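Notes for the one structure printed next.
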Amino acid sequence: MAPADTTSTKPQPIVISGPSGSGKSTLLKRLFDAYPDRFGFSVSHTTRQPRPGEQHAREYYFTDRDSFLALVKDNGFIEHAQFGSNLYGTSVQAVKDRQAEGKICILDIEMEGVKQVKKTDLKPRFLFLQPPSVEILEQRLRGRGTDKEEAILERLRQADKEIEYSKTPGVHDKIIVNDDLEKAWVEFKAFCVPEDATK
Ligand SMILES: Nc1ncnc2c1ncn2[C@@H]1O[C@H](COP(=O)(O)OP(=O)(O)OP(=O)(O)O)[C@@H](O)[C@H]1O
């Protein structure tokens, strides 16, 4: 008899991307509220010092600069960036750790991260959240009131690139246009929890 295929029993991660302001956080919050135990986020690596109360492997994987850069060289990161003098990143291993716990790991990442994930052996499902139009996206970013003018303009420039890339055939398994939030939620839930789609 052929050996059992244990890899197929691991929950498949879900990659959610879409322009800043397209509604990723809004829908993810609903998903986590509705299914608190089923999904998980990956824990990021950082070279910054732990703050009081922070635990290794819970808030972050705390690491030093040399180890971090060695992992970058090894293609161990899906995304990484420098903020101030510290490095931060999402590692392939962090996603596998969530899988090993039986959780569906959700990756909320931008376009370059999506391209990087496609080079790994994670084999996630890809979901793109699209704003109804760039004009509406601009209204929502302004309405959110969290960004300065320059940041809004930069987000809109980046949105054009994300939307253009999303049109590449085969990049995403599903594209949801977030026009009406309730409709988007029904589609979002159906993608993330297909077995509950009719409920
Ligand atoms: N369908 C919708 N109709 C109207 N407003 C919406 C809708 N979806 C989200 N919003 C609002 O748009 C704003 C941006 O949404 P949100 O912060 O969830 O975007 P995001 O994709 O997570 O952005 P970022 O990548 O910057 O974190 C929020 O103020 C949110 O309440």
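Counting starts at 1 for both ligands and their atoms, following the listed order. Just so you know, these numbers come straight off a predicted model, no measurement behind them.
Distance from atom 1 (N) of ligand 1 to its nearest protein heavy atom, with residue and atom name: Asn178 OD1, 2.7 Å. The protein heavy atom nearest to atom 23 (O) of ligand 1 is Gly21 N, 2.9 Å. With hydrogens left out, the protein atom closest to atom 28 (C) of ligand 1 is Arg144 CD, 4.0 Å, a heavy atom. With hydrogens left out, the protein atom closest to atom 26 (O) of ligand 1 is Ser20 OG, 2.6 Å, a heavy atom. For atom 25 (O) of ligand 1, the closest non-hydrogen atom of the protein is Lys24 NZ, 2.8 Å. Closest protein heavy atom to atom 4 (C) of ligand 1: Arg140 NE, 3.4 Å.
Taking a 4.0 Å cut-off on heavy atoms, Ser22 registers as neighbouring ligand 1.
Among the atoms of Gly23, some N or O lies under 3.5 angstrom from an N or O of ligand 1. Residue contacts with ligand 1: Asp180 is placed with no nitrogen or oxygen under 3.5 Å of a nitrogen or oxygen of the ligand (distance criterion only).
Pairs engaging residues 150-189 under the ring pair (Phe, Tyr, Trp, His ring centres under 6.0 Å) rule: Phe128-His172 [sequence neighbours left out].
For His45 and Tyr88, the ring centers sit 6.0 Å or farther from each other.
Side chain of Lys24 to main chain of Leu129: no donor-acceptor pair is present (N/O by atom type, distance under 3.5 Å, no hydrogens or angles). At least one donor-acceptor pair under 3.5 Å links the side chain of Asp64 to the backbone N or O of Asp66. No donor-acceptor pair under 3.5 Å is formed between the side chain of Lys103 and the backbone N or O of Asp97.
Close approach of ligand 1 to Ser25 (heavy-atom distance below 4.0 Å) involves ligand atoms 18 (O), 20 (P), 22 (O), 27 (O). Those atoms of ligand 1 with a heavy atom of Asp179 less than 4.0 angstrom away are 1 (N), 2 (C), 3 (N). Residue Arg155 approaches ligand 1 through these ligand atoms, each under 4.0 Å from one of its heavy atoms: 26 (O). Numbered from 1 in the order shown, with element, the atoms of ligand 1 that lie under 4.0 Å from a heavy atom of Pro19 read 21 (O).
Looking only at atom types and distance, the side chain of Thr146 has a donor-acceptor partner in the side chain of Arg144 under 3.5 Å away.
Taking the six-membered ring for Trp and thresholds of 30 and 60 degrees, His80 and Phe77 have ring planes inclined between 30 and 60 degrees apart.
The cationic group of Lys118 lies under 6.0 Å from the six-membered ring centre of Phe126 and within 45° of the ring axis, placing it in a cation-pi geometry.
The residue from Asp147, Thr26, Thr146, Leu28 that puts a heavy atom closest to atom 30 (C) of ligand 1 is Thr26.
A salt bridge is absent between Glu154 and Lys148: the closest approach of a Lys/Arg side-chain nitrogen to an acidic carboxylate oxygen does not fall below 4.0 angstrom.
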